[in-house]
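Order of the sequence lines fixes the chain letters, A, B, ..., with proteins taken first and strands second; residue numbering starts at 1 for each chain.
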There are 2 protein chains.
Amino acid sequence: MASNAVFAEIAALAGDPARAGMLHSLMDGRALTASELARAGGITPQTASGHLAKLIAAGLLAVDRQGRHRYHRLASPAVARMMESIMAVASDATSSRRRIVVGPRDAALRAARTCYDHLAGRLGVALADALVAGGHMELGSDAGLLTDSGMALLGDIGMDVEGLFARRTGRLLCRPCLDWSERRPHLAGTIGAALCAHCFAEGWIRRSEGTRAVAITPKGQLRFRQAFGVTLS
Amino acid sequence: MASNAVFAEIAALAGDPARAGMLHSLMDGRALTASELARAGGITPQTASGHLAKLIAAGLLAVDRQGRHRYHRLASPAVARMMESIMAVASDATSSRRRIVVGPRDAALRAARTCYDHLAGRLGVALADALVAGGHMELGSDAGLLTDSGMALLGDIGMDVEGLFARRTGRLLCRPCLDWSERRPHLAGTIGAALCAHCFAEGWIRRSEGTRAVAITPKGQLRFRQAFGVTLS
DNA sequence: CGGATGCTACGGTGCGGGCCGAAGCATGAG
DNA sequence: CTCATGCTTCGGCCCGCACCGTAGCATCCG
């Protein structure tokens, strides 16, 4: 069966440490240059170039050329979901084998980070928990449902909830995403992405340079507590 | 970052053609012996033994020993989801590159097959479409919702819908799963799995030997048409 | 128009790992 | 007990590919 070979090819592409590092650094949804990706993978630019060519040929990455730079990004949300699902399995594996060593960089990532287009880490999990605890959302293992009070809450903080629901055929755009650090679900899907974008737009969180970690601003501290009852150190 | 290495290790395990073949043959949720998996991977038993040891050590497979046989199965639904998501990406890749060659075996798989624990292929997609068209279900890109009429319909065909909803905390156990052959969503999640199990229990479908393809029985033809308005050649 | 920068193409090296044959343990059958 | 079956371990072969150094194109700057 030919589909089997293609499957193995895709998985093998993600299975090289250097390429995995590059793909990881693209998980925040931004586009990076080949040099930046080389650093992310811990390899020289010429080696990275070869890897990138393969990833593009396989349809995992898309590229925008601007002048002498080439900005690479994940080709589709499907690729990001694949990465997430592999991370979930990897997380299962490590925790059952041995306690993993966590560095200082990991600490920031565990506190709050972006997961492709939505929020993850303790912040992401805390927000999801708060929404569920307040009766604003129901979250199963495979899907989530925003209640009327949840729609009202998101509207109160300034999100265009109606617009989100009007866009697609299905009414539910809310999906749990298993957090690899907290091992609990956080909020993904279109609503998760919109909430994340809103937090950036309102200045509640800010990207840290060169990492997927995000910092919570003082304003964010205040608003997360007011709106969701969430307090993070 | 250590998590990166673990990620690459998991992906690399899935990225070997022989191992990919073995994992694929386990996607119907059944447990197979080492010899059967060796055939599935197109390798000798001693080579398969090494591969299986790695897959078990990494937490991708679980094993039940019965007498002199060892039955291997996917360790968790998370592994099956990882496989599905890689297949989705692989499907994207091939279709954008070149029309794939389809063999006669593929034809049966495309008509109707199991996808870990639920139905896929034309049958799976047709059922999902029928449920949506009849107003029994709403299906977005990330989640699905069963309507009241949908619950009634499933109850009518003899499923214990109440029991499903009582089991978990979240109320929605309905999830779309992108079909790699039809490139359209079909019904997964707990409800998808229960519907599939019900179809087997009632004798509407039957497993074909040595493949994930399923055959629709004459009784199934009749009932699928009566209950869902679905007719398949 | 040079010179710097970002990226790619090519050639050669070295290591990891997939593969099988042969042999060694278990379990079950006769 | 003896043989057959299912699975694993060991040893050696060899292919594939990740890697880098060098060199060749593009693009922007002064």
Side-chain angles (χ1 to χ4, degrees), chain A residues 4-26 30-73 75 93 210, chain B residues 1 4-26 30-58 60-73 75 93 210:
Chain A
N4 193 359
V6 182
F7 173 97
E9 184 190 330
I10 299 292
L13 282 172
D16 175 79
R19 284 192 294 255
M22 295 193 276
L23 288 170
H24 258 99
S25 68
L26 292 171
R30 284 183 302 178
L32 300 179
T33 67
S35 322
E36 291 171 320
L37 288 171
R39 274 194 296 278
I43 50 180
T44 59
Q46 58 269 37
T47 303
S49 178
H51 285 309
L52 290 173
K54 289 179 190 173
L55 291 170
I56 293 167
L60 292 185
L61 295 187
V63 63
D64 300 317
R65 33 186 325 171
Q66 276 180 26
R68 55 181 164 182
H69 296 278
R70 300 207 160 191
Y71 289 92
H72 299 79
R73 57 186 164 77
Chain B
M1 208 174 343
N4 194 357
V6 183
F7 173 96
E9 184 190 329
I10 300 292
L13 282 173
D16 175 78
R19 284 191 295 255
M22 295 193 275
L23 288 170
H24 259 98
S25 68
L26 292 171
R30 285 182 303 179
L32 301 179
T33 66
S35 321
E36 291 171 319
L37 288 170
R39 274 194 297 279
I43 50 180
T44 60
Q46 61 269 33
T47 302
S49 178
H51 284 310
L52 290 173
K54 289 179 190 172
L55 291 171
I56 293 167
L60 292 185
L61 294 187
V63 66
D64 299 316
R65 33 185 326 170
Q66 275 180 27
R68 55 181 164 182
H69 295 277
R70 301 205 159 193
Y71 288 92
H72 300 79
R73 56 185 165 77

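Comparing Y71(B) and G41(A) by the nucleotide of DNA chain D that holds the closest heavy atom to each, the one mapping nearer the 5' end is Y71(B).
With sequence neighbours left out, S49(A) forms a side-chain hydrogen bond (donor to acceptor under 3.5 Å, both in side chains) with no residue at all. In terms of the side-chain hydrogen bond (donor to acceptor under 3.5 Å, both in side chains) criterion, S25(B) has no residue partners (sequence neighbours excluded).
Atom CD of E9(A) is separated from atom P of dG16(D) by 15 Å (rounded to the nearest Å). Counting to the nearest Å, the P atom of dG6(D) and the CG atom of L32(B) are 15 Å from each other.
Taken to the nearest 0.5 Å, the CE atom of M22(B) stands 11.0 Å off from the CG atom of L32(B). Note that CG of L37(A) is 7.5 Å distant from CG of L61(A), once rounded to the nearest 0.5 Å.
The salt bridge (Lys or Arg N to Asp or Glu O under 4.0 Å) analysis of residues 51-70 of chain A, with sequence neighbours excluded, yields the pairs D64(A)-R73(A). Residue pairs meeting the salt bridge (Lys or Arg N to Asp or Glu O under 4.0 Å) criterion with at least one partner in residues 37-47 of chain B, sequence neighbours excluded, do not occur; the list is empty.
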N/O contacts under 3.5 Å, protein versus nucleotides 11-14 of chain D?
none

Write out a two-atom table: protein N or O, nucleotide N or O from nucleotides 27-30 of chain C, distance below 3.5 Å.
none

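Taking the side chain as every heavy atom from C-beta outward, L52(B) and V63(B) never approach each other to under 4.5 Å.
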Name every donor-acceptor pair, under 3.5 Å, that has one atom in a side chain of residues 10-21 of chain B and the other anywhere in the protein, sequence neighbours excluded.
from   : atom 1 : to     : atom 2 : distance (Å)
D16(B) : OD2    : A18(B) : N      : 3.0
D16(B) : OD2    : R19(B) : N      : 3.2
R19(B) : NE     : L13(B) : O      : 2.7
R19(B) : NH1    : H51(B) : ND1    : 3.1
R19(B) : NH2    : A12(B) : O      : 3.3

* Structure fact -> B/S/- along nucleotides 8-19 of chain C (protein heavy atoms under 4.0 Å) is BB--------SS
